[in-house]
Number of protein chains: 2
Amino acid sequence: MRTPRVPDPRVCSIDAALKIIGEKWSLLIIREITFGQHRFDDIVFNTGGSRDILAARLRSLQETGLVRREPYEAKPERFEYHLTEAGEQLFTVMQSIRDWGDRYARTDPENIVSFYHDCGARLRPELICQDCGGPIDASNLHGDREVHRSDLPAS
Amino acid sequence: MRTPRVPDPRVCSIDAALKIIGEKWSLLIIREITFGQHRFDDIVFNTGGSRDILAARLRSLQETGLVRREPYEAKPERFEYHLTEAGEQLFTVMQSIRDWGDRYARTDPENIVSFYHDCGARLRPELICQDCGGPIDASNLHGDREVHRSDLPAS
């Protein structure tokens, strides 16, 4: 039996990103703003989240710099929500999640919304290396630091 | 002032996917198994999550068919965790999140792990259309159903 070890979590950008967006309502808010829904009531309508939770997530997304608020009416003062650059750049993450969801998370294929690329094809996204254009998968990547730690001595 | 509307959430694969993986510990477990960590103690060590939470998430990931358990020792009975095809296919999602996290979620750039593609380049992933090879962004996609609903009548 191995001696219990004190956890030593990886310092990792997946972890850092999930601290900001690793919560269903935050990413659904980003989805709505990407789809052109900039007003609180429309975000509530299209996500179905509770007003309290969505308001809290919107505040948090502003604090972390993914969303900014702009006035669109003076009396009474009303605001619209827009994405910052960091928020807009979540587009790739969202499309990757949507594509995976289409394939593995849906039990109602008849309701899946098809997306089309400007080339005319039904969208099948693929992640490639910008330098060589080749596909990226678990077999053709390596990190510059130790990522496998199961062989560390137990204490 | 608009009449309050009863929410009518989009039926959406992002939502369906986030119901399964929209939680930090679930995706960090998938990250660990992708990195070759198949044993519970190693997953605890490398994520820093509580044993109770990680055990619950592993059960849930088995129920949703992303992870399967295989015995590696008979007395006492011990198990290793492996990804199913659906779990393996989260690789693109993870790389998209990691890339975004590298750029927008880290306050400690000195600790960012660089990944390299087999072509030798430092990894800069890009999401493209498999059919035409062109980039995918918010400006060159359209859905086959109404996705903008702010103009619906209020009641």
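Numbers restart at 1 for each chain; the letters A, B, ... are given by sequence-line order, proteins then strands.
Of all heavy-atom pairs between A/Gln130 and B/Pro125, the closest is NE2-O, 3.7 Å. Closest approach of A/Phe45 and B/Val6 over heavy atoms only: CE1-O, 3.2 Å. Across every non-hydrogen atom of B/Cys119 and A/Cys129, the tightest pair is SG-SG, 3.7 Å. The two residues A/Pro9 and B/Gly48 have their closest heavy-atom pair at CG-CA, 3.6 Å. Looking at every heavy atom in both residues, A/Trp100 comes nearest to B/Ala17 through CE3-CB, 3.8 Å. Counting all heavy atoms, side chain and backbone alike, B/Val113 lies closest to A/Val11 at CG2-O, 4.5 Å.
When heavy atoms are compared at a cutoff of 4.5 Å, B/Ile20 approaches chain A solely by way of its side chain, counted from C-beta outward. For chain A, the nearby parts of B/Ile136 are the backbone and the side chain; heavy atoms of each come within less than 4.5 Å. Within the 4.5 angstrom heavy-atom criterion, only backbone atoms of B/Arg122 (N, CA, C, O) approach chain A. Of the two parts of B/Asp108, only the side chain, counted from C-beta on, holds a non-hydrogen atom closer than 4.5 Å to a non-hydrogen atom of chain A.
Linking ILVMFWY residues whenever their side-chain heavy atoms come closer than 4.5 Å, directly or via other members, places B/Leu27 and B/Phe40 in the same cluster. Note: the hydrophobic cluster containing A/Ile53 also contains A/Leu61 (ILVMFWY, side chain heavy atoms under 4.5 Å, direct or indirect links).
Judged purely by atom type and a 3.5 angstrom limit, A/His142 has no side-chain atom pairing as donor or acceptor with the backbone of B/Asp118.
We find the CZ-CG distance between A/Arg31 and B/Asp15 to be 6.0 Å, quoted to the nearest 0.5 Å.
Of the residues considered (B/Ile14, B/Ile128, B/Val44), B/Ile128 shows the highest number of contacts with chain A, using heavy-atom pairs under 4.5 Å. Note: B/Ser13 leads B/Ser13, B/Ala105, B/Pro7 in heavy-atom pairs under 4.5 Å with chain A. Ranked by heavy-atom pairs under 4.5 Å with chain B, the first of A/Thr107, A/Thr64, A/Leu66 is A/Leu66. When each of B/Ala138, B/Ala121, B/Gly22, B/Gly134 is scored by its heavy-atom pairs under 4.5 Å with chain A, the top score falls to B/Ala138. With chain B as the partner, the residue from A/Leu127, A/Ile21, A/Leu18 showing the most heavy-atom pairs under 4.5 Å is A/Leu127.
Applying the salt bridge (Lys or Arg N to Asp or Glu O under 4.0 Å) test to residues at least two apart or on different chains, the pairs with a partner in residues 130-142 of chain A are A/Asp131-B/Arg124.
Contacts of residues 82-98 of chain A with chain B at a heavy-atom distance below 4.5 Å involve A/Glu85, A/Ala86, A/Gln89, A/Leu90, A/Phe91, A/Thr92, A/Val93, A/Met94, A/Gln95, A/Ser96, A/Ile97, A/Arg98, listed in sequence order.
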